Each structure stands twice: as C-alpha cells, then as structure tokens.
Chemist: 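Dropping a structure here in structure tokens format, bear with me for questions.
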Number of protein chains: 2
Amino acid sequence: MSDRAPTSPVSRERSREIKRLSVILAARQARLLSRVDLAEMTGLPAATVTALVRELIAEGYLIERGPGAPTTGRPREMLEFNPRAELVAAVSLEPPRISCEIADSEGAIIAHRTARFGGDVVETVCTFVLDLVGDNLPSLRGVAIAVPGVSTNGAVRLAPSVGLVEAWPIGESVQQRLGVPVVVDNDVNLMAAGECVAGAGADVANLLLIHVADGIGAGLVLDGKVRRGASGAAGEVGFMPVDAAPARSYSGVGEFEARWSVNAITERLVALHPGRRPESPVRELIQLAATSKPAREYLDEVLDAWARLILSCVCVIDPGMVLLSGAAAELDDAALEQIQSLLAAKTPAPTEVRRATLGDQAVLHGAISYALSAAVPLPSLP
Amino acid sequence: MSDRAPTSPVSRERSREIKRLSVILAARQARLLSRVDLAEMTGLPAATVTALVRELIAEGYLIERGPGAPTTGRPREMLEFNPRAELVAAVSLEPPRISCEIADSEGAIIAHRTARFGGDVVETVCTFVLDLVGDNLPSLRGVAIAVPGVSTNGAVRLAPSVGLVEAWPIGESVQQRLGVPVVVDNDVNLMAAGECVAGAGADVANLLLIHVADGIGAGLVLDGKVRRGASGAAGEVGFMPVDAAPARSYSGVGEFEARWSVNAITERLVALHPGRRPESPVRELIQLAATSKPAREYLDEVLDAWARLILSCVCVIDPGMVLLSGAAAELDDAALEQIQSLLAAKTPAPTEVRRATLGDQAVLHGAISYALSAAVPLPSLP
DNA sequence: CCCACTTTTTTCTCAGTAGGAAGAAACTGT
DNA sequence: ACAGTTTCTTCCTACTGAGAAAAAAGTGGG
C-alpha cells in the first residue's frame, strides 16, 4: 500500500471519507446523540452534518430515536448508533482447534463456532466466517485472527511450542477471499488491545499487559495503538534474562518463563504439596501460602520475580499502567499489593498494577478494535 | 490544544496546510526536484503544484535552479529546497551551563553561544535565541530545549543528580515569549531522534539508543517518533534491576547504572591499574584487556551486562536496531561483535547493534527534527 | 534551418463543495 | 395564542480540486 503512487491528500474522495469517519467515530463513542452534538464533536458545520446523518441513517449506521430531554427551543432528535451496522469476525487459531465469533462493534456475539481443523486453514477460516455471518455479510467490516505466536505482516511465524508452519500469509489469502480487511496478530497483543478499549485499561492510552500461562508474554499499547516491534516480537518478555540461568541457545522457551510460568509454578507446587496437579496453580499457591512456610517463601519468590519483570518493562517504556492477565490475574489483593510495593520502591515512574478484567473476552474485544481500525485505513498525512 | 472545540477536519484552511506541508516535506527530503517530481511524490495534480510552488518560491522555501538533465521534451525546471528558510534553535541546559545553537533544517550551524547561567532560565533562553537569530527571526520555526532529566509536557522534572527544581514549565514560558513552538525533552531522547533522522539509524523507523555516561539512559523511537512513556520516564534503563543488588529505595541512581556506568567502570579501572583516572575509561579498559587477564575478565563482565540490558529491552519492544552512544560508542569492532554474539544467542528477534555516529551533533539533529515536527502540528485525523 | 515529436509547465474551465446565512420546524413559557 | 429559543434543513455562493487544453522549451532528424 505504501509503495503505491500517492493520491492527492486533499481529494474529494478522501474528504468524504474523513467526514464520514468523523461522524461514525463520534456516534460510536457517544452511542446516543443529536446532530448538534455531532457538529460540536466533529467540528463540521450543521449543514454538512445533516447531509451525512441522512446518508448514515439510510445505511443503517444511525437510528432516529425521538426527541431528547425537554429544554427551551426545538427539541433535539436523538440518534442512536447501531452497532449491528458493523460486524466483525474474531477467529482464534489454537492448533488443532479453531474458533470463530461474529460480534457487533459493541462486542455482542451474534454467532460462534468451535471445531478442530487439520486441512487448509485459509479455507476453514473463510468457510466459518461466511457460514456464521450469513445474510449479514454486507455488514461485515473486517476479520481479526488471533494466533499464539509471533506474526509479521499477516504471515504467522509461530512459537515452536505450538508447531504450525512458518511464513504463512493467511491474512492476505483470507482478505482476498472475503473482500474485507483481515488482520492477524498474537493473542496477547489482542488481549492488550481488548483491555485497552473495553477492559481494565479503558481509561488510559498506554498500558502493558502481562499474560502468564504456559508461557509468559506481554502486549504493549502506546497512544492507544498496539506495538509489535520490528519483527513482531515486542512483548516476548518470557525471554528476559535471568541472572542465574545457564547459558543456552534459542530454543523457543525463554529463560524467564522457564522459571516463572504456570508450568514451572505447577512443578514446584507438586514438589511442595504432593498430589494432583492443580487446575489453578497460582490460586492454589496463594491458599497454601497461608499455612505453609515453604509455600509462603516460594510465593514471595514468584511475586518478586514478576515484580522485577514488571520493573524491567517499566524502565524501558514507562507505560504508567500494567495489567496482569491469565494466571497472574488470579493474584489476590494482598499479592497485588505486594507487587505494587516491590515496584514502588524501585520504579523510576509511578506505575499502577491492575488485574485484567475481560478474561476470555479480551481477545474478542481486541479483535473488534483491530478490525474496525483496519476497516477504514485512512493513509497517514504527511 | 486537544481540549479545544474541534475545527472541521476538511476546512479550506486545513486543506491548504496539508498541501503546503506535503510539498515542503517532499522538497526537504529530495533537496533538488522538479514540479513533475513534486506531483508524483505528493499525489497533487500539476495545476495545484504550480500554484504552491509559486507561493513557496515567493516565501524563500524553494529556489529555481535552471534546467534539469537534457531529455526529450520540455526540460524540467529544477527547484532547490532552501534549508535557510527554516531555522531552529537548539538549546542545551546542563546547569550551570547553557548553550544555544541556531541551525538551518539541514543542520548547518549559523550561530552559537555557551555561557553560565544562574538567573532566570526562561529569560536567559529567550535572550540567547533572540540575539543569535537576529534578523532571521521570521525564519525561526521552533525551539528545542535539551535537559538531562525527565520532562513531561514541557515541565522539567530533573534527575536529582543535576539538582534543578521540579515542575518547571519552561517550554510554555519560552513559547509565549518567542511566539514559536517550543519542545523540551531529555537529551538522550533528542540523541535518539537525531540518530534516527541523520545518523546511524537514518534507514530505520524503529530504534533504541543506549547512552552510557555518568548514568545510563535510553531513547526509544517507534514508527519514526520518540516515545517518552506515560510520565516521560521511558528509557530510564539505568534502573533495570540487577539480581545481586541490595534492596534500597529510590535514590535517583539506578541499580544497573550504579554498577555499569562510566563512573563504576572508572572506579574498577583505577583498582585494576592504579594511576590517574582516564578520560575515556571504556577505551582504556579495552586497551588494558589486551595485556591484562583481570582487565579482560572485567571487560567480559561489562559486555555481558550491557548485552543483557540490551536483551531485556529487545524482549519488551523489539526495536530491530540498537545504537550505542556515549562511552558505549567507544567499543571497538571486537567488543561490538561480542555483544552482537551474546545477543544473537538469546534474542527472540533479530537485532542489529551499531555505534551511534553523530556524537555531539546528535542532540542538534534531534532538536531540528523535533522543532520542525512541532512547527506545523496538524491535528490528528479521527 | 525547419519541423515533428515529446515532455513540462501554465492556463482554462467547471462540477462539486464547505460552510455561512436564512428559513422552517418544534418546542416552552407566559 | 404568541413570542422566544433552539434545532434542523434549505439556500446560496465564493472557492476549489483536478481534468483538459494550450503554451513553452527542448531534442533529433531531414
């Protein structure tokens, strides 16, 4: 796209798109508002707003909802933004499973399906999306595909631990088949985006989300935009160096996550308290720490290590807000307070640590925000 | 600015600014080009370009330089971009010293002055800038002020080590006095910006610059834009945790820089090789390591620590390129190769390590790029 | 030296538009 | 019932984006 000859930055086509997007974004944010409100929020003159609103009503984006609150003067005609005018497909690839949800721009799920797949992934994704969206295809604005590895330019280069082939441009193939924009990204990045637009981070423009599961990864949002880095590997914090670790080459599993991920915590828990492997080892460890001194000491080690990981990240990017996700979201208030204290003692910038709140819904909301941003990609101004 | 009522995103004023900026940016980049080139680079139609060029010639931005290379057809009239049409003041505050340079947009210095100051900083800065710019005041596009601490929104919150007062909105005061945009930032951030536009990082959009001096700090550029973080503390990598460090509260000096900055290296060098404190301790250490086993071992420790610092940063943001500045730029090829190898063994993403090339000029070029970006601040589109 | 051809630059032209102003509509309050 | 206020719509026009045409300035061949 960027290697095409540039079109005029002030063309009538572009001007029209800018006005439409201004109104759509204002309406999407406010949900219920009048033409006067739209004029104030966008800076467009009243005559222009009238014409745009007429158009968007005809297209189903806006619905007239009757008079506003009684005041002096002509009552406002309230307009409701219709999230069903913009549908998004959120696809999650966790080989051998694929799941797909169709949601409106508010996150309400309209249809979903989960299945195993082993054939052609592009074919499967397209079939799922088309089946689920059905007659609403004209309202489909974009597709977001979550993968558990590193993606660069829509080609997936997955972590060896989940064993999909490398250099696989599924995004472009799906986009050609479906005719809408398709974005592919790491699922932790999508979680960060989701929490930023609709979760624990909805009130900030910068945040770091740390997700602890079998691995440890992070999603970084700066100025409301997910940052992936030069090779799509931003947030691979599981590879943080641990001083005492033995030197070894790249193996797909990072030093830090080898010692402090859910797998490592589970191993240690079973050693401390022989029995069945717990479903939620972090929660289990916290409970055990109340009565067992060795468990208490180990919990302190874990919290100290996670606090140092957070501190390392804060030193680099100063996000102001850190969200803990996955197993790390299971920490109780005391543990959270402990991490906050460890951090406060050494951090160069005030940093608030919160639990992520969306859980399984984070990826969906992230996918929605991605797909809607991709749907009208206004080229950058000079 | 962002709390003002928005103006129309498609107004004629805005349209005019966009066209002018498109042409100025294209000309600035190309330096010598024709109207046909301008039309191709900006997407503007030929008629529009003709009118804009006439205007910019009248204002001194462009100079007609005669026919281009002979080809079939009417010869092109070559236009040269005039960097003197855009002057920038780069101010460096290192209490008790202040220095000021006036440069054109290519970095050519027109005037400079250094002095001690102790009175009112705003008054001193304004006096310096006005004196140095003289009759060229109409060409002054902006002022950039470099400080050795953390700045947020033009207010300087300096590191305790250099002892200036906190919460000091010099940027706004200078802007009101001079009537041009003023930006204030940490000098390491300005170095990163400078290397990105005119130095070792001129061919990339993302980079991390690590500066080793009495402290250790970093500047981060993502998508061509310096990132400061939520509190302006991004890049405070001197505060990276070191596993073996004793716990202590925030003291203005970070764990990592306490052990691996120039001061620390100097102390260790004097212990290894009693004598005068060297001017360039890193260079000295490298020379000593060729003949002294303890020095060799210490050099390996330093390089390992710096490599781990770089690895920590790469895990978080994946810049693709790391520039070493200050004392770290003094590493020889062998040492650089050693860091590159240590990194390659553990990094999740390919990362190239280079020396910064601009040295003392980096802050100036950073200031130029800041001031020119601030000079025409097109508000973001929706 | 003249002419055909090519390419660049400038001028001409006009359908479309941004947005101010005026008018219509729909209320409240007296 | 009417004045006043506020919102929404229509009217109007100076301006503009950009395609097309014309003018300009070369080269190359005969």
Side-chain angles (χ1 to χ4, degrees), chain A residues 5-23 26-27 30 32-58 62-80 381-382, chain B residues 5-23 26-27 30 32-58 62-80 381-382:
Chain A
T7 57
S8 171
V10 294
S11 68
R12 291 188 175 155
E13 285 73 32
R14 183 185 169 89
S15 177
R16 202 174 302 126
E17 284 185 23
I18 289 169
K19 289 184 294 186
R20 270 180 66 90
L21 191 61
S22 292
V23 172
L32 187 72
L33 77 186
S34 68
R35 291 168 177 80
V36 168
D37 295 326
L38 279 170
E40 283 174 8
M41 290 171 78
T42 61
L44 292 161
T48 306
V49 169
T50 291
L52 286 161
V53 164
R54 177 179 300 124
E55 196 175 296
L56 293 172
I57 290 175
L62 293 174
I63 303 170
E64 285 186 312
R65 282 300 187 213
T71 62
T72 302
R74 181 176 172 173
R76 301 179 169 192
E77 179 73 24
M78 302 311 290
L79 305 162
E80 184 179 10
L381 282 175
Chain B
T7 57
S8 172
V10 294
S11 69
R12 293 191 172 153
E13 286 73 31
R14 183 185 169 89
S15 177
R16 200 174 306 128
E17 283 186 24
I18 289 169
K19 289 183 295 184
R20 270 178 65 90
L21 191 61
S22 291
V23 172
L32 187 71
L33 76 186
S34 69
R35 291 168 179 79
V36 168
D37 296 326
L38 279 170
E40 283 173 9
M41 290 172 77
T42 61
L44 291 162
T48 306
V49 169
T50 291
L52 286 163
V53 164
R54 177 179 301 123
E55 194 174 296
L56 293 173
I57 289 176
L62 293 174
I63 302 170
E64 284 185 312
R65 282 302 186 208
T71 63
T72 304
R74 180 175 171 175
R76 299 178 171 194
E77 179 72 25
M78 304 309 292
L79 305 162
E80 183 180 9
L381 283 176

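The figures that follow rest on heavy atoms only: side chains count, while hydrogens, waters and symmetry mates do not. Note that the structure is predicted; figures quoted are calculated from it, not measured. Naming convention: chains lettered A, B, ... in sequence-line order (proteins, then strands); numbering from 1 in each chain.
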Chemist: What's the CG-P distance between Leu52(A) and dT17(C), to the nearest Å?
Modeler: 11 Å
Chemist: Given atom CD of Glu17(A) and atom P of dT17(C), what is their separation to the nearest angstrom?
Modeler: 14 Å
Chemist: What is the distance, to the nearest angstrom, from the CD atom on Glu64(A) to the C1' atom on dT7(D)?
Modeler: 13 Å
Chemist: Nearest to the side chain of Val10(A), which nucleotide is it out of dA18(C), dT7(D), dA18(D)?
Modeler: dA18(D)
Chemist: Nearest-Å distance, CZ (Arg76(A)) to C1' (dT5(D))?
Modeler: 13 Å
Chemist: Answer yes or no: does a side-chain N or O of Lys19(A) lie under 4.0 Å from OP1 or OP2 of dA18(C)?
Modeler: yes
Chemist: DNA chain D: Asp37(A) or Ser8(A), which has the more 5' nearest nucleotide?
Modeler: Asp37(A)
Chemist: Is the phosphate of dT16(D) approached by Thr48(B) (side-chain N or O, under 4.0 Å from OP1 or OP2)?
Modeler: no
Chemist: Pick out which of Arg16(B), Arg20(B), Lys19(B) makes a side-chain hydrogen bond (donor to acceptor under 3.5 Å, both in side chains) with Glu55(B).
Modeler: Arg20(B)
Chemist: Of Val36(B) and Pro45(A), whose closest DNA chain C nucleotide lies nearer the 5' terminus?
Modeler: Val36(B)
Chemist: Would you kindly give the CD1-to-C1' distance between Ile18(B) and dT16(D), to the nearest whole Å?
Modeler: 14 Å
Chemist: Round to a whole Å and report the spacing from CD of Glu13(A) to C1' of dT16(D).
Modeler: 14 Å
Chemist: I need the CE-P distance between Met78(B) and dG26(D), as an integer number of Å.
Modeler: 14 Å
Chemist: Is there a side-chain contact between Arg16(A) and the phosphate of dG17(D), meaning an N or O under 4.0 Å from OP1 or OP2?
Modeler: no
Chemist: Tell me, do Val36(A) and Val49(A) make a side-chain contact under 4.5 Å, heavy atoms counted?
Modeler: no
Chemist: Given dT16(D), dT10(C), dA18(C), identify the nucleotide with an atom nearest to the side chain of Thr50(B).
Modeler: dT10(C)
Chemist: Starting at CZ of Arg35(B) and ending at C1' of dT7(C), how long is that distance when rounded to a whole Å?
Modeler: 14 Å
Chemist: Taking Arg14(A) for its side chain and Pro9(A) for its backbone only, find out whether a donor-acceptor pair lies under 3.5 Å.
Modeler: yes
Chemist: Assign a letter to each nucleotide of nucleotides 21-30 of chain C from its 5' end: B, base within under 4.0 Å of a protein heavy atom; S, sugar-phosphate only; -, no contact.
Modeler: ----BBBS--
Chemist: Quick one: which of dT9(C), dT7(D), dT17(C) gets closest to the side chain of Ser34(B)?
Modeler: dT9(C)
Chemist: Can you tell me how far apart CG (Leu56(A)) and CG (Leu38(A)) are? Round to the nearest 0.5 Å.
Modeler: 9.0 Å
Chemist: Using a 4.0 Å heavy-atom cut-off, does Arg12(B) contact any base of the nucleic acid, only the sugar-phosphate backbone, or nothing at all?
Modeler: base
Chemist: With the side chain counted from C-beta on, respond yes when Glu13(B) and Thr7(B) share a heavy-atom pair under 4.5 Å apart, and no when they do not.
Modeler: no
Chemist: Please round to the nearest 0.5 Å and tell me the distance separating atom CD of Glu80(A) and atom CG of Leu62(A).
Modeler: 9.5 Å
Chemist: If the condition is salt bridge (Lys or Arg N to Asp or Glu O under 4.0 Å), which residues does Glu64(B) pass it with, not counting sequence neighbours?
Modeler: Arg35(B)
